[in-house]
Structure formats: C-alpha cells, structure tokens
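Here's the structure, in structure tokens; my notes come after.
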Protein chains: 2
Amino acid sequence: MSLSVPKIRSCEDCPIRYNAVCSKCDPEELQDLEEIKYYRSYAAGQTVFFGGDPLEFVGSIVSGVSSLTRTLPDGRIQMVGLLLPGDFMGRPNRDTIDCDVVAETDVMLCCFRRKPFERIIDETPHVGQRLLEMTLDELDAAREWMLVLGRKTAREKIASLLHMIATRMASLKPGETAEATFTLPITRETMANYLGLTIETVSRQMSALKKDGLIAFDERRDIRVPDLAALKAETGEIA
Amino acid sequence: MSLSVPKIRSCEDCPIRYNAVCSKCDPEELQDLEEIKYYRSYAAGQTVFFGGDPLEFVGSIVSGVSSLTRTLPDGRIQMVGLLLPGDFMGRPNRDTIDCDVVAETDVMLCCFRRKPFERIIDETPHVGQRLLEMTLDELDAAREWMLVLGRKTAREKIASLLHMIATRMASLKPGETAEATFTLPITRETMANYLGLTIETVSRQMSALKKDGLIAFDERRDIRVPDLAALKAETGEIA
DNA sequence: CGCCTAGTTGACTTATATCAAACCGCGTGG
DNA sequence: CCACGCGGTTTGATATAAGTCAACTAGGCG
C-alpha cells in the first residue's frame, strides 16, 4: 500500500484552499497557519484517532475519505460521519476525541497541533468563523442522517447513501447530467455501519436496486446511476 | 393555556446567564446584546419555526423544552434535537430553517433578529466562540444519538432517553444520589419520534422497564429512577 | 354526561437480523 | 502455473424484534 508523499508546497496550490477551514483567510492569516501546519499521510484502513485518546492535533482532509465511528462495548458499530476533502477533523477545546477516525482510502491530512490552533482560533477571526460555519453544516448533515437512521427503510437508506455520495462527489466536477458515475470509497461493511444495517441487508438491497435498474455495477465498487432523479425518488424524500 | 409573561429585567437576573450563547460575554459585550434582545413566549404545542420558513430571528431557550423535528413527505417524523434551557435555536448565515421547531412545554425565548445577531457574531468574539463551542457540543450529542438510532434495541433506546433526561435535568439541581425523579417533558409520541419507534413499542418498553423495577411511575409522566446505574446498564453502553 | 386525547395491551404481520453456505477475484507460495 | 486461502460479497433459509391493526382504559374538559 503506497503512501503518496505530499506534493503541495504552499497553501496557494492546495486543492482544498477554497473550502477548508482556512478558506476565508486573507494572506496574512494564511501565513500564520502556514507556519504551524504539517502534513501526514495514512494508508487505507489505518486509524487516525482512537476514541478516548488525547487529541494532539486537528486538521483538514486534503485528499481521501475518512470515517468517524462510535462503538458499543459489545462491538456494535455506528458510523457517525464521513469526512471528504476539505472536511475538518478534531475538536478544539477538548482534550480527548470521542469517536474512532479511520482512513477509508489513502488519506492526506493538513494538520495543526491543537494548542497553537486554538490560539489561532482566538486570534484570527476568519478561522473561527469558518469553523463555525462548517460545524453548523455538519450538524445539519448529522440531523439529516438521524432521519435516515430513525425512519427510513433499508431500501431508502441505501438509496439515500448512494444519492448523497453521487451528489457530493459530482459537486467536485460539476457538469450535471441526470446521470452519475463514481467509485464507492467504502466497503459494504462500512455502508452497513453508516446505515445501521447488516452487510447482508446492504447486499440484498444493492442487488434489488440493480435489478430494478436504478443503479448498475459489475465491479462491486464502480457504480453508475443512470438517472439521479429516479434514485432520489427511492429515498423517501419525494412526495 | 397560560403564557407566563417574562419577568426578567436584565441579563444579570437571567437563569441562563452562565450557559447560554452569551455566557462568555464581558459586561460591555452583554450591553450590545441587551440592546437588541427581546422576549417571546410560546404555549406548549405551538410551533416556533416551520421547516423551510425564512429565519427571521435566532435565540436562546430561557425556560421550557422545545423539539427539533424533520418530516418525510409521507408523514414519518424524526426528532433530531431536544432544546433545553440555555440551548440556542436558529442558524446564523442561513436564510431558512430546515427543521420544525415546536414548544413541547410552555417556552420562553430570548431572541435576536438574525441580521443584527450576525453582525454581533462578527464583532464580539466571545459570542462566536461560545456559539462554536455549543455547536460542537450539539454535534457530539447528535452523533451520540445516531448510535442510539442506528444500533440500539427498543429497550436500550428507552433506557438511553430516560437516562439522558434524568441526568440533564438532575444537573440543574446537583446533589447526586443514585436516584432521580423527574417529570417527562414529552409525550409518548414525542418519545417515539425521538427514538425512531412507534408509540406502541415505547409504551410496551416503558411497561417492561417498570415491571423490571428499573423505573417507577403511576401518573404517566412522573418518573422515578430508583437506581441510575441500573438504568444505565440497560442502555448498552456498559461492558 | 359523553367525548376526546393519551396511553396501554393484545393478536398478528413483516422487515430486517441471524445463521449458513457458496462465490469471486486476487495474491502467494509450492 | 496452478492450488490455495482470504477478504469481500452474494444468496438462501429461518428467527425475531418491532410494526400494524385493533380494542380498551383512564383522565380532563366542555
């Protein structure tokens, strides 16, 4: 498993320059951040943080996908967040982290040691403001997901997840047809953990959606959605 | 249904002075807030915001309990947040709200029109900082709840809800025995909507917990928990 | 007094979990 | 080069937790 070495030299080149926690910074603020940032890479499957560990650093996902999970003592797992490029991980003003953070694909992180970053939040308003904005968005997403977990059927859950991934991925390369193609960044097991289902149920519903022509795939991970609107109609969100 | 008229004259008297969005403010900042604040009351059952409506104001719960809910077109409802005194409602920098907000009991709100409040966030750092802190806490709570919704059994869900209410209410009057008594601020239906269950299942599990001696009640809403640790053991969170 | 809402309880159905087996692509070592 | 094992996935048979439908109780209020 090869770890890509960071090639980014300055924040100007950074692929997440305009949506990460630093996106509102003016050049001067950016300079402050630049002085304390450093990069880290994780291979797919590696754990970035263990729940309960002291939180030494925070940071942004530059590339790749990570998951946030919570686990019950008997081993039941629930994914509680999916972090894509630009998303922030860690929690200022908290000594420990309460979720496991796992790299689902190879991941590159732009990190800041927590203490200096907390100082920056207090001193450079645009970082704190952007972080508030991002946290509010995440809260909205978490609440949206509570509806999925609490009230949707297995089929609706799968359709919702696929639709979300399709649109979030698509938003990176905008060009918008009714169609979408993407590679699932996660295993069936991870999907199950996200959706509060078993992997067997995930598999059955994927097969059912395929049989119904709503999605297509041969290789297990390469999904084609011929008609995003039709998939959306399966999420239960349409009247 | 009688609406209590606000009796609070200044922020100094305010019951949520030290845990609301204003809690980090120094006297000068408080003065800025005081100039734009106003009070509103809602009777139990009234809707404060309808999902999708323009968001004219934001504010803090001074007293009472409100719920945040999301609804699917076919009528399925999921509660996605429970707001207790001190909690903040509304969303700066967003023109509409995406949840219904309902007063579960009589509620008093300390409100700010949204635009002036947004200006305050930008100008008085302690408000933005506190709001970030509160939003991060809410995000943690939402994630905790995703675990409940996705992976817990009906009994564990009920136990989790009762335990949470017991401890959150208890924290107001700290004195900590192993025992707790409280009045449920919500109906069985609201409980069901919070937990992603039907009201019949809620009722059955309440009866089961009662039969097992984990809770006691005659009047449907006045709950006594003889042993909080024993209740906690039913939440699935204990090894 | 009778209706209305909130809650409880029972009988039955069903969606999803559980248990079990087999499949498929892939890298490894004989 | 092929057999093997392995992780990830699919599919089938069965079990069960929770949902549905329905009847009934108990307060509260006009």
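Everything numeric here is computed off the predicted structure, so don't read it as measured data.
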Rounded off to whole Å, could you give me the CD-to-C1' distance for the B/Q205 and D/dA17 pair? 9 Å
Can you run down the ring pair (Phe, Tyr, Trp, His ring centres under 6.0 Å) pairs that involve residues 50-69 of chain B, sequence neighbours left out, and say none if there aren't any? B/F49-B/F57
With sequence neighbours left out, what residues match B/K152 under salt bridge (Lys or Arg N to Asp or Glu O under 4.0 Å)? B/E237
Which residue pairs satisfy the ring pair (Phe, Tyr, Trp, His ring centres under 6.0 Å) criterion with at least one member in residues 196-239 of chain A, sequence neighbours excluded? none
Can you sort out the partners of B/R188 under salt bridge (Lys or Arg N to Asp or Glu O under 4.0 Å), two or more places apart, ordered by chain and number? none
When rounded to the nearest 0.5 angstrom, what is the spacing between CG in B/D140 and CH2 in B/W145? 14.5 Å
A/S207: side chain to side chain contact (heavy atoms under 4.5 Å, CB included) partners, not counting sequence neighbours: none
Going 5' to 3' along DNA chain C, which are the first and last nucleotides with any atom under 4.0 Å from a heavy atom of chain B? C/dG7 to C/dA11
Sorted by chain and residue number, the salt bridge (Lys or Arg N to Asp or Glu O under 4.0 Å) partners of B/R204 (sequence neighbours excluded) come out as none
Kindly state which residues belonging to residues 151-160 of chain A come within less than 4.0 angstrom of DNA chain C, counting heavy atoms of the residue only, listed by number. A/T153, A/A154
Holding to salt bridge (Lys or Arg N to Asp or Glu O under 4.0 Å), I want the full list of residues that pass it with A/R151, two or more places apart in sequence or in another chain. none
Separation of atom CE in B/M191 from atom P in D/dA18, rounded to whole Å: 15 Å
For D/dT9, does OP1 or OP2 lie under 4.0 Å from any side-chain N or O of A/S203? no
Taken to the nearest whole Å, CG/B/L149 to C1'/D/dA17 is 16 Å
Please tabulate, one pair per line, all N/O donor-acceptor pairs under 3.5 Å involving side-chain atoms of residues 80-88 of chain A, not counting sequence neighbours.
{"from": "A/D87", "atom 1": "OD2", "to": "A/L84", "atom 2": "N", "distance (Å)": "2.8"}
{"from": "A/D87", "atom 1": "OD2", "to": "A/R168", "atom 2": "NH2", "distance (Å)": "3.0"}

Atom-to-atom span, CD1 of B/I199 to C1' of D/dT20 - whole angstrom: 12 Å
Tell me: CD of A/E189 to C1' of D/dT10, nearest whole Å? 15 Å
To the nearest 0.5 Å, how far apart are CZ in B/R221 and OG1 in B/T187? 6.0 Å
Protein N or O to nucleotides 21-29 of chain D N or O, pairs below 3.5 Å:
{"from": "D/dC21", "atom 1": "N4", "to": "B/E200", "atom 2": "OE2", "distance (Å)": "3.1"}

B/T187 near the nucleic acid: base, sugar-phosphate alone, or nothing, with a heavy-atom cut-off under 4.0 Å? sugar-phosphate
Please enumerate all residues that pass side chain to side chain contact (heavy atoms under 4.5 Å, CB included) together with B/E234, with sequence neighbours excluded. B/R155, B/A159, B/L214
A/S207 side-chain N/O to D/dT10 phosphate OP1/OP2 under 4.0 Å: no
Roughly, in whole Å, what's the span from CG in B/L195 to P in D/dA17? 18 Å
